[in-house]
Amino acid sequence: MAGSVPGGGRPLIITEDPLLLDDLLRLCAAAGADPHVHHAVPEPGGTADAGGAAEPGGDAGSTGWESAPLVLVGDDAARRVRGAPRRAGVLLVGRDLDDPHVWQRAVEIGAEEVLRLPDAESRLVDRLADVVEGAGRPALAVGVIGGSGGAGASTLACALAVRAARAGERTILIDGDPLGGGMDVLLGGESAEGLRWPDFAASRGRVAAGALEESLPELHDLRVLSWDRGDRVVVPPAAIRSVVAAARRRGGVVVVDLPRRVDEAVAEVLAQLDLVLMVVPGELRSVAAAGRVAAGVRMVARDVRVVVRGRCAGGLDPESVAGLLGAPLAGEVPVEVGLPGRVAEGEPPGTQGRGALARFCDGFWQRALGSAQGVPA
């Protein structure tokens with residue numbers, strides 16, 4: 001049985017086809033990968049330079065068949081690697097789209113996939129980028145949406161991100177509402193250096209996860225992707241999909257503050273979330289409005305749960321509110337006295353560790369991050 005592919009390291013290219021090699025080097029550059037190239041088949045666990053000669057003083061195993069995190073075998077070299085030890089992470093790559101015998105050669109060398117260029121270029125870039133970034137467990141992605149206007153969804157989203165960061169989780173807070181005023185403002189960092197949503201409007205394909213994280217403003221030990229104060233309030237759905245996917249690949253926690261409307265761009269975000277928390281104020285009109293919001297969200301989201309903010313004056317307890325909305329109850333957040341004043345003075349929600357909001361968030365993350373599935377039961 002093939003072993004697991006080790007993380008990190010440099011991919012290995014084996015081919016004597018100069019045109020294919022040019023394509024592979026170009027795609028490696030697009031993914032930020034620095035490959036080793038072999039025209040001859042390397043010995044298992046050994047090293048060789050691009051011409052097949054041993055590297056004096058080289059790191060044993062650094063370029064070998066068994067140690068490379070990903071091996072790209074050109075179709076021209078398939079026969080020569082037929083006797084190499086079986087391992088994971090071998091891709092057979094060629095440029096002939098009509099070759100009927102390619103699958104037989106793939107089986108003979110134990111290849112995971114057959115990639116025919118140029119059609120499979122995006123797939124190959126993804127595999128190479130996984131090597132560069134490390135393909136670990138994706139982040140737990142949680143969306144927060146208001147069941148009605150003024151429900152406090154942005155406050156909860158901010159507090160969840162702050163508490164996750166203080167618990168030591170790599171955290172990215174994403175502002176999904178261009179008309180919400182800016183999550184960086186809520187964190188007191190509207191003038192902080194870093195990119196905002198309009199800077200990513202032209203993004204296509206795969207966005208490098210590490211570069212994304214490093215480009216965002218860092219506030220209160222977390223990274224935040226917010227809107228600027230300009231006139232642009234629309235980012236193409238494809239760009240939003242790429243950016244959110246990149247944020248998730250870094251692992252840790254991603255929190256998204258969602259608008260109450262579900263358009264194409266919001267649907268792209270919802271499709272990548274593990275869980276959506278819908279904040280519903282404890283009064284009957286808000287429950288009625290939340291029913292309409294929930295109907296739209298459920299068309300895309302996998303898991304929607306209710307957070308009741310305050311108690312219903314009409315005698316409805318949190319369990320009844322959740323029952324009326326047909327969604328599981330994630331918990332109740334009592335109205336926290338003095339919170340608006342502290343936020344106005346520059347203290348982000350969730351920083352008061354003894355407050356009701358922080359206690360709710362801490363309990364939520366303990367359940368969510370402690371679950372084998374990554375989502376609280």
Side-chain angles (χ1 to χ4, degrees), residues 140-164 167 169 176-177 253-262 266 269-271 273-340 343 349-350 352-377:
L140 175 62
V142 178
V144 185
I145 190 168
S148 63
S154 296
T155 298
L156 179 58
C158 183
L160 283 168
V162 168
R163 300 310 299 175
E169 295 291 332
D177 187 356
V253 164
V254 172
V255 180
V256 185
D257 180 40
L258 296 164
R260 288 193 295 132
R261 68 187 184 284
V262 180
V266 174
V269 179
L270 288 171
L273 298 179
D274 297 299
L275 173 66
V276 177
L277 298 177
M278 186 169 59
V279 185
V280 184
E283 53 96 11
L284 292 175
R285 281 189 65 195
S286 295
V287 174
R292 294 190 291 272
V293 174
V297 173
R298 284 196 187 101
M299 293 178 66
V300 186
R302 295 189 292 268
D303 192 347
V304 182
R305 307 190 186 191
V306 174
V307 175
V308 177
R309 182 167 171 262
R311 290 277 179 168
C312 287
L316 292 176
D317 56 27
E319 289 78 10
S320 298
V321 173
L324 288 171
L325 294 172
L329 178 66
E332 177 186 6
V333 180
V335 175
E336 189 169 319
V337 178
L339 178 61
V343 171
Q352 286 279 341
R354 297 181 179 178
L357 185 59
R359 289 197 301 271
F360 170 86
C361 294
D362 290 346
F364 171 82
W365 289 126
Q366 287 172 7
R367 297 190 303 274
L369 297 173
S371 168
Q373 301 299 322
V375 178

_Could you go through Val142 and Val253, starting from their C-alpha distance and side-chain angles, then the distance that decides it, and tell me whether this counts as side chain to side chain contact (heavy atoms under 4.5 Å, CB included)?_
CA-CA 8 Å; Val142 178; Val253 164; 5.9 Å; no

*Say you draw a straight line from OG of Ser286 to CZ of Arg309; how long is it, rounded to the nearest 0.5 Å?*
9.5 Å

_Under the rule for salt bridge (Lys or Arg N to Asp or Glu O under 4.0 Å), what residues qualify as partners of Glu169, not counting sequence neighbours?_
none

*Taking the side chain as C-beta and beyond, is there a heavy-atom pair between Cys361 and Leu156 under 4.5 Å?*
yes

*Please identify each residue that fulfils salt bridge (Lys or Arg N to Asp or Glu O under 4.0 Å) with Arg163, with sequence neighbours left out.*
Asp362

*asked:* Using side-chain heavy atoms (C-beta onward) and a distance below 4.5 Å, is Arg302 in contact with Asp274?
replied: yes

*Any idea which heavy atoms bring Val307 and Ala330 closest together, and the distance?*
CG2-CB, 3.9 Å

*Check whether any side-chain heavy atom of Val321 sits under 4.5 Å from a side-chain heavy atom of Pro318, and report yes or no.*
no

_Minimum-distance pair of heavy atoms, taken over all atoms of Val300 and Ala271_ = CG1-N, 3.7 Å

*Which atom pair, heavy atoms only, marks the closest approach of Val279 to Ala153?*
CG2-CA, 4.0 Å

*Closest non-hydrogen atom pair, Val308 against Gly310*: CG1-O, 3.1 Å

*For the atom pair CG (Asp303) and CZ (Arg298), what is the distance rounded to the nearest 0.5 Å?*
10.5 Å

_Spatial distance of atom CG (Leu270) from atom CE (Met299) [nearest 0.5 Å]_ = 11.0 Å

*List the steps and the verdict of side chain to side chain contact (heavy atoms under 4.5 Å, CB included) for Leu277 and Leu160.*
CA-CA 11 Å; Leu277 298 177; Leu160 283 168; 4.0 Å; yes

*Atom of Pro259, atom of Val266 and distance for their closest heavy-atom approach*: CG-CG2, 3.5 Å

_side chain to side chain contact (heavy atoms under 4.5 Å, CB included), that's the test. Do Leu275 and Phe364 meet it? Break it down for me._
CA-CA 12 Å; Leu275 173 66; Phe364 171 82; 3.6 Å; yes

*Any chance you could measure Arg261, atom CZ, to Ile145, atom CD1, to the nearest 0.5 Å?*
10.0 Å

_salt bridge (Lys or Arg N to Asp or Glu O under 4.0 Å) against Arg292, all qualifying residues, sequence neighbours excluded_ = none

*Give the C-alpha distance, both sets of side-chain angles, the deciding distance and a yes or no for side chain to side chain contact (heavy atoms under 4.5 Å, CB included) between Val293 and Met278.*
CA-CA 9 Å; Val293 174; Met278 186 169 59; 4.2 Å; yes

*asked:* To check you understand the geometry: which heavy-atom pair defines the closest contact between Val255 and Ala157, and what is its length?
replied: CG1-O, 3.6 Å

